[in-house]
**Q** 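Got a structure for you, written out below as C-alpha cells; questions coming shortly.
Basis for what follows: all heavy atoms, side chains included, without hydrogens, waters or symmetry-related copies. Every chain is numbered from 1 and lettered A, B, ... according to where its sequence line falls, protein lines coming before strand lines.
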Amino acid sequence: MAHTATEWPPEETLSLWKGEQARLKARVVDRDTEAWQRDPSFSGLQKVGGVDVSFVKGDSVRACASLVVLSYPELKVLYEDSRMVGLKAPYVSGFLAFREVPFLVELVQRLQEKEPDLMPQVLLVDGNGVLHQRGFGVACHLGVLTELPCVGVAKKLLQVEGLENNASHKEKIVLLQAGGDTFPLIGNSGTVLGMALKSHDHSTKPLYVSVGHRISLEVAVRLTHRCCRFRIPEPIRQADIRSREYIRRTLGHRGESPAQRKDRSQKEKSTNACPAGGPGAPADQGRPPECFGRSSSTDLRDPEPGFQEQKDQQLKGTRCQEDPDLWPPSPAWV
DNA sequence: GCGACAG
DNA sequence: ATCTTGTCGC
C-alpha cells in the first residue's frame, strides 16, 4: 500500500491524528521558560532558527525541507540544511504537522549531531501554534517533539473559533499603523489565540503569530517583529528561499517545466544535476525519529537588498552584498 | 449544493 | 504550497 500523499485520509486516520494531537497537546508550555525571554532586549538570545518546506510543482511526493539558524540580532545565516524528502501525507487543513513535521524533526536531529553548538534557542515555524482547530498547530507539534521554544507564524488567518477574515477583521488591519502594531485574535471562548502583527511599517497584510511551545504570546510577537527585515521574518524567509532554490537548482527542469528550461542553459555553470538522499525518512511521527540518511547540503548564500515590500520582495539575481563568511556556495553533498 | 481550506 | 511578467520605487 503506497501512501501517495495525494489521497484524502480515511476518517480512521484523521481520528488517529486527532488523538495524537490531543495527547501531545498536554505537553505544550505556553509561557516563557528561558532567561532571554524575560529580558527587554532579549540579551542572551544569539541564535534563532527557521524552518520551511517547499514543494515540487507537478510532484505530490518530492519536497525540500530546510532548517536555517540565524544570528541575533544581526540576522545573518550561520547554518543551513536543505534536504529532499519524500512526502507521505497529504495536506489537510488542521493536520499540517503530519505532512511536514517528521522532516523538520529530522533536520533538528541532524543539527544536534553535526553542530550542536548552533542549536537555535527558538524556532520560527511557518504555520500556526495554538491558533488551531484543536489548539495544536504545527508550531506546537514541532515544539513538543523537539522541546525547543517555538513560535507559529502564519501568513493567512486560519478561520477557527469564530475568527474570520471578514470586514470587521479587515477594518482592524487597516488600523494597524506602524510595524510592531498588533491586535488580538480572540476566539469564541474569549481566549486570546494569537495576534495579528504588522511586521514592518509598510506591510499591508499582517502576520498571524501564536504560541508554539515554551514562549509567551507577548514575547513571541515581539521576537517575530524583531526578526523582520521584510514582511516574513528572516529565519522563515531564508528557509523558504533556500528550500525553493535547492529545488530549482537540482530538479528545476526535468520535473516538467514548460517555459523555464529555456534560460537553464545560460544560467547554469556551477549547479548540479541530481541531489542525494531522496525520500529519506522512515515512516513515523509522534516520536523523535531516528535518522540515518547521509549528509546532504550545508552551504550558504546571500540575502538581498534592504528595502521594498509589496508582496514580500523579489528574489531575482539582483545584487549580492554582505555575507563575507559562508561565501563560496560549495556543492556540499559530496 | 456552496463555501472554506495554516502550508 | 505552486504558476506567472511586468512594473513601480528606493
**Q** Without decimals, in angstroms, what is the distance between A:Glu100 CD and C:dT2 C1'?
**A** 14 Å

**Q** Taking atom C1' of B:dG7 as reference, at what distance in whole Å does atom CH2 of A:Trp17 sit?
**A**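 Between C1' of B:dG7 and CH2 of A:Trp17: 13 Å.
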
**Q** Rounded to the nearest Å, what distance is computed from the CZ atom of residue A:Phe230 to the C1' atom of nucleotide C:dC10?
**A**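 From A:Phe230 CZ to C:dC10 C1': 12 Å.
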
**Q** Who pairs with A:Asp181 by salt bridge (Lys or Arg N to Asp or Glu O under 4.0 Å), at least two apart in sequence or on another chain?
**A**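 Salt bridge (Lys or Arg N to Asp or Glu O under 4.0 Å) check on A:Asp181 returns nothing, list empty.
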
**Q** Does either side chain, that of A:Thr13 or that of A:Glu11, offer a donor lying less than 3.5 Å from an acceptor on the other one?
**A**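 On atom types as modelled, these side chains do not qualify, holding no pair under 3.5 Å.
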
**Q** Under the salt bridge (Lys or Arg N to Asp or Glu O under 4.0 Å) rule, what pairs show up with a residue in residues 119-148 of chain A, not counting sequence neighbours?
**A**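 Only A:Asp126-A:Lys155, A:Glu147-A:Arg214 qualify under salt bridge (Lys or Arg N to Asp or Glu O under 4.0 Å).
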
**Q** I'd like the P distance from B:dA4 over to C:dC3, given in whole Å.
**A**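 Going atom to atom, P in each nucleotide, I get 25 Å.
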
**Q** After noting the C-alpha distance and the side-chain angles of A:Arg237 and A:Glu234, does the key distance pass the salt bridge (Lys or Arg N to Asp or Glu O under 4.0 Å) rule?
**A** CA-CA 5 Å; A:Arg237 180 166 169 272; A:Glu234 209 56 19; 2.8 Å; yes

**Q** Please give the stem ranges for DNA chain B, sorted by first residue number, where a stem is three or more consecutive Watson-Crick or G-U pairs and both donor-acceptor distances are under 3.5 Å.
**A** none

**Q** Specify whether A:Trp17 and A:Phe95 have parallel, tilted or perpendicular ring planes, treating 30° as the upper limit for parallel and 60° as the lower limit for perpendicular.
**A**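 It falls in the tilted class, 30° to 60°.
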
**Q** Would you mind classifying the nucleic acid contact of A:Gly94 as base, sugar-phosphate or nothing, using non-hydrogen atoms under 4.0 angstrom?
**A** base

**Q** Going by distance alone, is a donor N or O of one side chain under 3.5 Å from an acceptor N or O of the other, for A:Thr6 and A:Ser60?
**A**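 Yes - a donor-acceptor pair under 3.5 Å links their side chains.
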
**Q** By a strict heavy-atom criterion of less than 4.0 Å, which residues belonging to residues 124-132 of chain A are in contact with DNA chain B?
**A**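 The answer is A:Asp126, A:Gly127, A:Asn128, A:His132.
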
**Q** Report the distance from atom CZ of A:Phe55 to atom P of B:dA6, rounded to the nearest whole Å.
**A**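 After rounding, the gap between these two atoms is 13 Å.
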
**Q** Would you tell me whether A:Ser41 and A:Ser43 have side-chain atoms, one donor and one acceptor, within less than 3.5 Å of each other?
**A** no

**Q** Is a donor from one side chain sitting under 3.5 angstrom from an acceptor on the other, for A:Ser66 and A:Asp52?
**A** no

**Q** Taking the six-membered ring of A:Phe136 as reference, does the NZ or CZ atom of A:Arg27 fall below 6.0 Å from its centre and within a 45° cone about the axis?
**A** no

**Q** Compare all side-chain heavy atoms of A:Glu20 with those of A:Phe98 and state whether any distance is below 4.5 angstrom.
**A**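 In contact.
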
**Q** Pick from A:Leu207, A:Leu131, A:Val211, A:Leu217: which one makes a side-chain contact (heavy atoms from CB on, under 4.5 Å) with A:Met195?
**A**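 That would be A:Leu217; it is the only one of A:Leu207, A:Leu131, A:Val211, A:Leu217 passing the side-chain contact (heavy atoms from CB on, under 4.5 Å) with A:Met195.
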
**Q** Please write out each protein N/O paired with an N/O of nucleotides 2-4 of chain B under 3.5 Å, distance rounded to 0.1 Å.
**A**
from  : atom 1 : to       : atom 2 : distance (Å)
B:dA4 : O3'    : A:Gln159 : NE2    : 3.3

**Q** Give one of base, sugar-phosphate or nothing for A:Val138, where a contact means two heavy atoms less than 4.0 Å apart.
**A**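 A:Val138: base contact, heavy atoms under 4.0 Å.
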
**Q** When the distance from CG of A:Asp201 to P of C:dC10 is rounded to whole Å, what number comes out?
**A**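 Computing the A:Asp201:CG to C:dC10:P distance gives 15 Å.
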
**Q** Round to the nearest Å and state the distance from A:Tyr208 atom OH to B:dC5 atom P.
**A**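 After rounding, the reported distance stands at 11 Å.
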
**Q** Would you say A:Ser199 and A:Thr224 make side-chain contact, with heavy atoms under 4.5 Å?
**A**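 No, every pair of side-chain atoms sits at 4.5 Å or beyond.
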
**Q** Mind calculating the distance between CD1 (A:Ile241) and C1' (C:dA1) to the nearest angstrom?
**A**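 The answer, rounded to whole Å, is 16 Å.
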
**Q** Can you tell me which nucleotide in C:dA1, C:dC3, B:dC5 comes closest to the side chain of A:Lys155?
**A** C:dA1

**Q** Using atom P of each nucleotide, how far apart are B:dG3 and C:dT4 to the nearest Å?
**A**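 Taking atom P in both B:dG3 and C:dT4, they lie 28 Å apart.
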
**Q** Measure from CG on A:Asp59 to P on C:dA1 and round the result to the nearest Å.
**A**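 Value for this atom pair: 17 Å.
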
**Q** Determine whether the aromatic ring centres of residues A:Tyr208 and A:His169 are separated by less than 6.0 angstrom.
**A** yes

**Q** Ion pair present between A:Glu245 and A:Arg248, side-chain N to carboxylate O less than 4.0 angstrom?
**A** yes

**Q** Any side-chain N or O of A:Tyr91 less than 4.0 Å from the OP1 or OP2 oxygen of B:dA6?
**A** yes

**Q** What stem regions, each of at least 3 consecutive Watson-Crick or G-U pairs below 3.5 Å, can be found for DNA chain C?
**A** none

